[in-house]
S.K.: 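Below is the structure I would like to discuss, written out as structure tokens.
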Amino acid sequence: MPELPEVETVARSLVSGQGAAPILGRRVALAKVAWARSVASPSAAAFARRIAGQQVQDVGRRAKYIQIGLDQDTLLVHLRMSGDLMLGYQETPLGAHSRLQIYFEDGLQLSFNDPRKFGRVWLVPDPTEVYAGLGPEPFDPALTPKRFHSLLAARQRQLKPLLLDQAFLAGLGNIYADEALWAAQLHPLTLTSRLDAAQAALLLRSIRAVLKEGIRRNGASIDWVYRGGDFQNHFKAYQQTGQPCPRCGTPISRIVVGQRSTHFCPRCQIVQAA
DNA sequence: AGGGAAACCCGAACGC
DNA sequence: TGCGTTCGGGTTTCCC
């Protein structure tokens with residue numbers, strides 16, 4: 001059995017697969033739901049009843065969901081902004097804001113800690129019921145530059161809101177959308193139908209590059225909640241309002257697009273002309 | 001179809 | 001110091 005520090009933050013390593021080992025093969029003894037609304041499905045009472053006795057088979061990810069395969073069901077966790085998973089041998093809930101505790105047979109606790117209560121978990125027989133409506137994974141090899149271009153061309157939307165639309169592309173959040181648009185030198189308000197093939201290809205490459213860098217740097221979290229992520233120290237545009245653009249020196253602008261804070265370089269990210 | 005707004009949350013950061 | 005206000009992350013829902 002792998003040695004564990006007293007309490008470990010495991011959400012990021014679970015996503016990468018590296019941290020899965022400590023929970024693989026373990027059987028759930030008991031679950032306690034401290035905040036009922038953190039369980040999206042089924043009811044909190046049914047959740048605790050149904051998860052008991054099930055054994056962890058595998059750990060994966062789809063879009064922003066952490067996927068923990070059990071005997072009968074799949075446990076899905078969406079951290080939203082402030083959520084985290086913690087692992088440790090302790091009877092009392094791990095984390096100051098633990099919304100759900102899962103205890104395995106030997107006493108190891110997996111805690112869903114989430115100060116802002118936005119995160120959700122699901123326990124479902126078939127995860128595809130939760131995944132319905134999700135667009136392709138950014139790293140899906142079937143998502144070729146050509147295919148991406150035709151998907152963009154088919155829409156008549158502003159670029160940034162479409163990138164955040166999980167039905168269009170699954171997995172980008174506000175930070176990565178700003179960073180990808182900066183890298184591709186595209187203005188967030190550009191109409192998707194106006195991109196040519198080369199711009200679409202560059203955008204896809206940029207999306208993959210910023211996601212890769214975020215994963216490599218252990219996450220982008222800028223919150224006080226999770227301090228491990230280092231990507232926050234390498235943003236080119238996101239939250240850089242007034243700072244010089246690393247490419248051309250022009251101060252980064254901030255606007256609101258689709259209710260989301262949006263950062264871009266007004267000089268080298270150009271709106272495509274009609 | 002696309003866009004805008006509100007709701008869900010709460011700790012941090014800011015203004016006075 | 002101690003109030004009150006604003007902010008922001010992802011998603012759903014409702015309305016134009």
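Chain letters run A, B, ... following the sequence lines, proteins first and then strands; every chain starts at 1.
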S.K.: Per the salt bridge (Lys or Arg N to Asp or Glu O under 4.0 Å) rule, what does the pair list look like for residues 46-55 of chain A, sequence neighbours excluded?
M.R.: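 Those involving residues 46-55 of chain A are A/R50-A/D73.
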S.K.: Does A/K117 make a side-chain N or O approach to OP1 or OP2 of B/dC10 shorter than 4.0 Å?
M.R.: yes
S.K.: Could you tell me the separation between the CD1 atom of A/I255 and the P atom of C/dG8, rounded to a whole number of Å?
M.R.: 13 Å
S.K.: Figure out the CE/P separation between A/M81 and B/dA7, and round it to whole Å.
M.R.: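 Spelled out: CE on A/M81 to P on B/dA7 is 16 Å.
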S.K.: Rounded to whole Å, how long is the line connecting atom CG of A/L191 with atom C1' of B/dG2?
M.R.: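 Checked: the CG to C1' distance equals 11 Å.
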S.K.: Please indicate whether A/R208 has more than 12 foreign heavy atoms, meaning atoms of other residues, nucleotides or ligands, lying under 6.0 Å from its CZ.
M.R.: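 More than 12 heavy atoms, drawn from other residues, nucleotides or ligands, come within 6.0 Å of this atom.
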S.K.: Mapping A/F118 and A/Q158 to their closest nucleotides on DNA chain B, which lands nearer the 5' end?
M.R.: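 It is A/Q158 whose nearest nucleotide is closer to the 5' end.
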S.K.: For a quick test of reading the model: is some side-chain N or O of A/R116 closer than 4.0 Å to OP1 or OP2 of C/dG8?
M.R.: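 Negative; the distance criterion is not met.
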S.K.: In degrees, rounded to 10°, what is the bend between the two ends of the helix from B/dG2-C/dC16 to B/dC16-C/dG2, using five pairs at each?
M.R.: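 Its terminal axes enclose an angle near 50°.
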S.K.: Determine, using the 4.5 Å side-chain heavy-atom cutoff (strictly less than), whether A/L30 and A/F47 are members of one ILVMFWY cluster.
M.R.: no
S.K.: What residues from residues 122-136 of chain A pass a heavy-atom cutoff of under 4.0 Å to DNA chain B?
M.R.: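 Within this stretch, nothing sits under 4.0 Å of the strand.
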S.K.: Which one, B/dG2, B/dC9, C/dG8, comes nearest to the side chain of A/S261?
M.R.: C/dG8
S.K.: Kindly list each side-chain donor-acceptor pair under 3.5 angstrom involving residues 36-45 of chain A, sequence neighbours excluded, with atom names and distances?
M.R.:
residue : atom : partner : partner atom : Å
A/S38   : OG   : A/W35   : O            : 2.7
A/S43   : OG   : A/A46   : N            : 3.1

S.K.: Which pairs, with at least one residue in residues 169-184 of chain A and sequence neighbours excluded, count as a salt bridge (Lys or Arg N to Asp or Glu O under 4.0 Å)?
M.R.: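 Sorted result for residues 169-184 of chain A: A/K160-A/D178.
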S.K.: Rounded to the nearest Å, what distance is computed from the NZ atom of residue A/K160 to the P atom of nucleotide B/dG3?
M.R.: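 That distance rounds to 14 Å.
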S.K.: Quick check on DNA chain B: between A/R99 and A/V257, whose nearest nucleotide comes earlier from the 5' end?
M.R.: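 Nearest-nucleotide comparison on DNA chain B picks A/V257.
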S.K.: Please give, in whole Å, the distance from B/dC10 C1' to A/H97 NE2?
M.R.: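 Going from NE2 in A/H97 over to C1' in B/dC10 covers 9 Å.
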S.K.: Between A/H78 and C/dT11, does any side-chain N or O lie under 4.0 Å from OP1 or OP2?
M.R.: yes
S.K.: Check which hydrophobic residues are tied to A/W122 through side-chain heavy-atom contacts below 4.5 Å, counting indirect links as well, and list them.
M.R.: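 So far as hydrophobic clustering goes, A/W122 is joined with A/Y65, A/L76, A/V124, A/V130, A/Y131, A/L134.
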S.K.: Which atoms form the tightest heavy-atom contact between A/T241 and A/H263, and what is the distance?
M.R.: OG1-CD2, 3.4 Å
S.K.: Starting from A/L202 and following side-chain heavy-atom contacts under 4.5 Å between hydrophobic residues (I, L, V, M, F, W, Y), which residues can be reached?
M.R.: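 The other cluster members (ILVMFWY side chains, heavy atoms under 4.5 Å, direct or chained): none.
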S.K.: In terms of hydrophobic clustering (I, L, V, M, F, W, Y; side-chain heavy atoms under 4.5 Å; direct or indirect links), are A/F139 and A/Y176 co-clustered?
M.R.: yes
S.K.: Tell me every residue that passes side chain to side chain contact (heavy atoms under 4.5 Å, CB included) with A/S193, counting only those two or more places apart in sequence or in another chain.
M.R.: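 For A/S193, the residues satisfying side chain to side chain contact (heavy atoms under 4.5 Å, CB included) (neighbours in sequence not counted) are A/Q156, A/L191.
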S.K.: Quick one: A/Y176 OH to C/dG10 P, roughly how many Å, whole number?
M.R.: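 Spelled out: OH on A/Y176 to P on C/dG10 is 10 Å.
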S.K.: How close or far is atom P of B/dC9 from atom CG of A/D114, stated in whole angstroms?
M.R.: 11 Å
S.K.: Please tabulate, for side-chain N and O atoms in residues 244-254 of chain A, each donor-acceptor pair with protein atoms closer than 3.5 Å (sequence neighbours left out).
M.R.:
residue : atom : partner : partner atom : Å
A/R247  : NH1  : A/W182  : O            : 2.9
A/R247  : NH2  : A/W182  : O            : 2.9
A/R254  : NE   : A/S261  : OG           : 3.0

S.K.: Same cluster or not: A/L172 versus A/V257, using hydrophobic residues (I, L, V, M, F, W, Y) connected whenever any side-chain heavy atoms lie under 4.5 Å apart?
M.R.: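 Shared cluster, no.
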S.K.: Nearest whole angstrom, please: distance from the P of B/dG2 to the CG of A/L152.
M.R.: 12 Å
S.K.: I want to check something: taking the side chain as every heavy atom from C-beta on, are A/I102 and A/L75 in contact at a cut-off of under 4.5 Å?
M.R.: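 Yes; the side chains approach each other to less than 4.5 Å.
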S.K.: When all nucleic acid strands are considered with a 4.0 Å heavy-atom cut-off, which category describes A/R37: base, sugar-phosphate, or nothing?
M.R.: sugar-phosphate
S.K.: Using a heavy-atom distance cut-off of less than 4.0 Å, which residues of residues 166-174 of chain A contact DNA chain B?
M.R.: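 Of all residues in residues 166-174 of chain A, none places a heavy atom under 4.0 Å from DNA chain B.
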S.K.: Tabulate atom names and distances for all N/O pairs under 3.5 angstrom spanning the protein and nucleotides 12-16 of chain C.
M.R.:
none

S.K.: Answer with yes or no whether the hydrophobic clustering places A/L123 together with A/Y103; edges join I, L, V, M, F, W, Y residues whose side-chain heavy atoms lie under 4.5 Å apart.
M.R.: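 Different clusters.
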S.K.: Which pairs with one or both residues in residues 127-145 of chain A pass salt bridge (Lys or Arg N to Asp or Glu O under 4.0 Å), sequence neighbours excluded?
M.R.: A/R61-A/E137, A/R62-A/E137
